[in-house]
Amino acid sequence: MSSAINELTYRDKKLIFSDTVPSGKIGWQSPSNIALVKYWGKMPVQVPRNPSLSFTLSKSNTKTRIEYTSASGRDMKVDFYLNDQPNPEFGLKTKAFFESISDIFPFIRQLDFKIYSENTFPHSAGIASSASGMSALALTLCDLERTHFGNLTEDADFYRKASYVARLGSGSACRSVYGGLVDWGKSKVLANSSDLYGIPVGDQVNEVFLTYQDTVLLVNAEQKKVSSRAGHSLMNNNPFAPERFQQAQRHIGELLEAMKAGDLETFIKITESEALTLHAMMMTSQPYYLLMKANTLQIIERIFAFRDETNIPVSFTLDAGPNVHLLYPFSEKEKVMQWIKSELREFLSPLGFIDDEVGKGPVKL
Ligand code: ADP
């Protein structure tokens with residue numbers, strides 16, 4: 001079934017309430033994710049220029065509860081509360097998202113929404129609240145369909161559609177729908193891969209990666225300088241973009257091989273190169289952006305030195321921002337934590353760090 005899915009598959013005019021319009025509450029918790037092979041550059045509509053691969057996180061997540069009632073008027077009503085405070089900005093963005101997917105879920109137009117959402121980490125700061133937030137919304141809408149229309153009863157169908165819908169909200173959100181290691185984007189080395197939704201690939205890798213740690217060092221948790229949307233569009237004119245898209249294709253194959261073999265040296269080489277390439281793309285775009293801070297570089301230098309001195313396989317990756325994701329096997333946790341507290345603390349913002357790890361994926365609330 002998966003190979004048959006295209007941009008029309010999920011448009012379904014029949015998904016409307018023909019009798020009574022129900023009211024109810026549905027909620028999902030969904031995690032953020034950190035890309036190992038980066039998604040940077042896209043085509044309409046939210047189709048990636050290259051495949052990407054990510055670890056789904058655990059503690060960095062969004063809990064979203066939607067209360068829905070029969071629509072009170074023609075205009076869609078979306079009241080949004082973030083961490084218990086009304087958030088009209090998120091309300092408007094969510095309404096725009098809902099309107100954009102109303103050909104997939106036509107029943108949306110028959111409802112008013114109150115949305116209560118909590119993020120466990122700072123949003124708009126490069127830790128992918130858009131991924132956890134949009135995947136939580138997508139899962140909740142699919143659950144609404146399952147509850148009232150009796151569709152999507154097979155988990156595989158449910159999560160595939162949730163991933164497809166999440167992608168339309170924010171590209172990388174489609175990877176948050178599954179736990180472990182997740183691919184999004186067509187790759188020669190993954191037969192079931194698609195540009196339209198993510199697929200879980202964690203069952204293919206060595207067990208060291210099932211409990212891999214990601215301590216997110218918060219160098220600066222302020223709002224991003226360049227929005228993801230603007231960042232992606234910079235790739236349309238970046239002179240290095242075509243080579244970058246090919247490199248990502250190669251990296252997917254090489255990284256998966258290394259992860260199957262438990263080859264940490266190659267894992268480190270590819271993931272660190274991916275992080276620096278993402279930033280190099282930003283530095284070589286017009287206009288150009290420098291998203292690392294001095295403390296980002298201080299930390300990276302110390303990672304190189306610590307690795308050399310101790311042989312502990314600790315490495316970094318970066319999102320499109322200054323915060324450093326420290327990646328390492330669970331077995332090294334105590335030593336790495338001690339090192340963070342003694343040597344890296346001075347480079348962190350008052351928010352410190354988020355002690356996260358590879359997670360199992362979303363859960364229904
Ligand atoms: P990041 O993804 O790094 O946090 P972005 O600027 O890419 O930063 O995304 C932030 C956007 O994600 C917000 O403006 C909002 O539209 C959306 N978002 C964040 N948290 C939620 C949430 N809990 N529910 C719905 N949307 C959210």
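For ligands, and for the atoms within them, numbers begin at 1 and follow the listed sequence.
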Per-atom contacts, ligand 1 versus [X] - under 4.0 Å to a heavy atom:
X	result
S117	22 (C), 23 (N), 24 (N)
A125	3 (O), 4 (O)
S228	7 (O)
H123	4 (O)

| field | Heavy-atom side-chain contact between M76 and E99 under 4.5 Å | value |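 Counting from C-beta outward, M76 and E99 do come under 4.5 Å.
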| request: Find out whether P88 and F80 are in side-chain contact, i.e. whether some heavy atom of one side chain is under 4.5 Å from a heavy atom of the other. | output: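 No, their side chains stay 4.5 Å or more apart.
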| Would R302 count as a cation-pi partner of F306, with NZ or CZ less than 6.0 Å from the six-membered ring centre and within 45° of the ring normal? |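 No.
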| field | Lys/Arg cation over aromatic F158: R146, 6.0 Å, 45° cone | value |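 Verdict for F158: a cation-pi partner in R146.
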| message | If we ignore hydrogens and angles and just use 3.5 Å, is the side chain of Q213 paired with the main-chain N or O of P329 as donor and acceptor? | response |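 Absent.
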| Heavy atoms only: which of A221, S129, S60 is nearest to atom 19 (C) of ligand 1? |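 It is S129 whose heavy atom sits nearest to atom 19 (C) of ligand 1.
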| Out of S130, G133, A173, whose heavy atom sits nearest atom 17 (C) of ligand 1? |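 Among S130, G133, A173, the closest heavy atom to atom 17 (C) of ligand 1 comes from S130.
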Region of [X] that comes within reach of ligand 1 [heavy atoms, distance under 4.0 Å]:
X	answer
K224	side chain
S170	neither
S124	both
I127	backbone

Return the closest protein heavy atom for [atom] as residue, atom name and distance.
atom	value
atom 21 (C) of ligand 1	F90 CE2, 3.5 Å
atom 3 (O) of ligand 1	G126 N, 2.9 Å
atom 16 (O) of ligand 1	K93 CD, 3.0 Å
atom 20 (N) of ligand 1	N119 ND2, 3.1 Å
atom 25 (C) of ligand 1	F80 CZ, 3.7 Å

Nearest atoms (heavy-atom pairs only) where [X] meets [Y]:
X	Y	answer
N87	F90	OD1-N, 3.0 Å
L326	V336	CD2-CG1, 4.1 Å
S135	A166	CA-CB, 3.9 Å
T64	S117	OG1-OG, 2.8 Å

| For ligand 1, is there an N or O atom under 3.5 Å from any N or O atom of T94? |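 N/O-N/O distance below 3.5 Å does not exist for this pair.
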| query | Do any N/O atoms on A128 end up under 3.5 angstrom from N/O atoms on ligand 1? | reply |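 Such a contact does occur with ligand 1.
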| query | Any salt bridge between K269 and E265, counting N to O under 4.0 Å? | reply |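 Looking at E265 together with K269, the answer is no, because their closest N to O distance does not fall below 4.0 Å.
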| Rounded to the nearest 0.5 Å, how far does OG1 of T271 lie from NE2 of H325? |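 Taking NE2 in H325 and OG1 in T271, the distance rounds to 12.5 Å.
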